Amino acid sequence: PKIIIKSEIEKNKEKLDKLKNELEKVDINLPVAEKDIVQITSTREAYFKKMKEFAGNAKKSIVYTARHWKVDAELIRLLQEKIKHGVQIRGIGPVSSKEEKNISWLKEIGVKIKKAELKETHFAVYDNSFVVISLRKEPEKSDYNSIFIKSETLAEILTNHFNSIWKKV
């Protein structure tokens, strides 16, 4: 019986070696399925840091509805660089005298802006896949509660909504 068992073990080893060799030939580099990503910010600093990160990664487009047109030198340079590389940037929001300087900087670098007093939730969409939804009620408040979401479905819905507003104003 020992010889029979050893013989069976050897046969199984040979089969396992063959399977191992076959497995090495098989390409199992399947694409990684990434789930939607959701992040929440609650401070002004975190909001602008995340928003600049999304803008910096944009390759095709940025559309957004604005409650106000707050910008800094870093954001202006970043958007200018994106526009130079073909990123289309459009914004809709209030155009008041206190916003004129920031709006003129944005227009000067190539951001397309339309005037509208929007009462709805404000949002931005980056490359039809990343979305920012602002939960702030009043722009003067210090809280910047916002949700950053990676979702092509939501991005498509909000881009279509943005485009319908853009056509009306």
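Model, not experiment: these values are computed from the prediction. Both backbone and side-chain heavy atoms feed into the values below; hydrogens, waters and symmetry mates do not.
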- Note on the structure: Of Leu158, Thr153, Asn160, the one forming a side-chain contact (heavy atoms from CB on, under 4.5 Å) with Glu156 is Asn160
- Message: Do Ile133 and Leu154 have side chains that approach each other closer than 4.5 Å (heavy atoms only, starting at C-beta)?
- Response: yes
- Message: How long is the straight-line distance from CZ of Arg77 back to CD of Gln80, given to the nearest 0.5 Å?
- Response: 9.5 Å
- Message: Do Gln88 and Lys112 have side chains that approach each other closer than 4.5 Å (heavy atoms only, starting at C-beta)?
- Response: yes
- Starting at CD1 of Ile9, measure out to NZ of Lys6 and round the result to the nearest 0.5 Å. 8.5 Å
- Message: Quick check: do Leu78 and Met51 have side-chain heavy atoms less than 4.5 Å from each other?
- Response: no
- Query: In Å, rounded to the nearest 0.5 Å, how long is the span from OG of Ser151 to CD1 of Ile157?
  - Reply: 7.5 Å
- Taking side chain as C-beta onward, heavy atoms only, is Asp127 less than 4.5 Å from Ile62? no
- Minimal heavy-atom distance between Pro94 and Glu117, with the atoms involved, is CB-OE2, 3.2 Å
- Kindly give the heavy-atom pair with the smallest separation between Phe123 and Thr121, and that separation in Å. CD2-O, 3.7 Å
- Item | Nearest-0.5 Å distance that lies between atom CH2 in Trp69 and atom OG in Ser96 | 10.5 Å
- Message: Under the rule for side chain to side chain contact (heavy atoms under 4.5 Å, CB included), what residues qualify as partners of Leu118, not counting sequence neighbours?
- Response: Thr65, Ile92, Ala116, Glu120, His122, Ile165
- Message: Closer than 3.5 angstrom, by distance alone: can the side chain of Lys114 be matched with the main-chain N or O of Trp166 as a donor-acceptor pair?
- Response: yes
- Basic-acidic side-chain contact under 4.0 Å: Glu14, Lys11: no
- Message: Show every salt bridge (charged side-chain N to carboxylate O under 4.0 Å, His left out) that has at least one partner inside residues 51-63, sequence neighbours left out.
- Response: Lys50-Glu53, Lys52-Asp72, Lys52-Glu74
- Message: Lys115: which residues meet the side chain to side chain contact (heavy atoms under 4.5 Å, CB included) condition with it, sequence neighbours left out?
- Response: Val95
- Note on the structure: The ring-ring contact (aromatic ring centres under 6.0 Å, His included) partners of Phe54 (sequence neighbours excluded) come to Tyr126, Phe130, Phe148
- Message: Looking at every heavy atom in both Gly110 and Ile83, which two are closest together, and how far apart are they?
- Response: C-CD1, 3.6 Å
- Note on the structure: Nearest heavy-atom contact between Ser129 and Glu152 is CB-CG, 3.7 Å
- Message: Test of understanding: with side chain to side chain contact (heavy atoms under 4.5 Å, CB included), list the residues that count as partners of Ser164, not counting sequence neighbours.
- Response: His161
- Task: Nearest 0.5 Å please: distance from the CD1 atom of Ile109 over to the OG atom of Ser104.
- Result: 10.5 Å
- Task: Any chance you could measure Thr41, atom OG1, to Lys49, atom NZ, to the nearest 0.5 Å?
- Result: 11.5 Å
- Query: Should Leu106 and Ile76 be marked as a side-chain contact (heavy atoms from CB on, under 4.5 Å) after you check the CA-CA gap, both sets of side-chain angles, and the distance that decides it?
  - Reply: CA-CA 7 Å; Leu106 290 166; Ile76 290 291; 3.9 Å; yes
- Query: Can you name the nearest heavy-atom pair linking Gly56 to Lys82, along with the distance?
  - Reply: O-NZ, 2.8 Å
- In chain order, what residues pass the ring-ring contact (aromatic ring centres under 6.0 Å, His included) check against Trp105, with sequence neighbours excluded? none
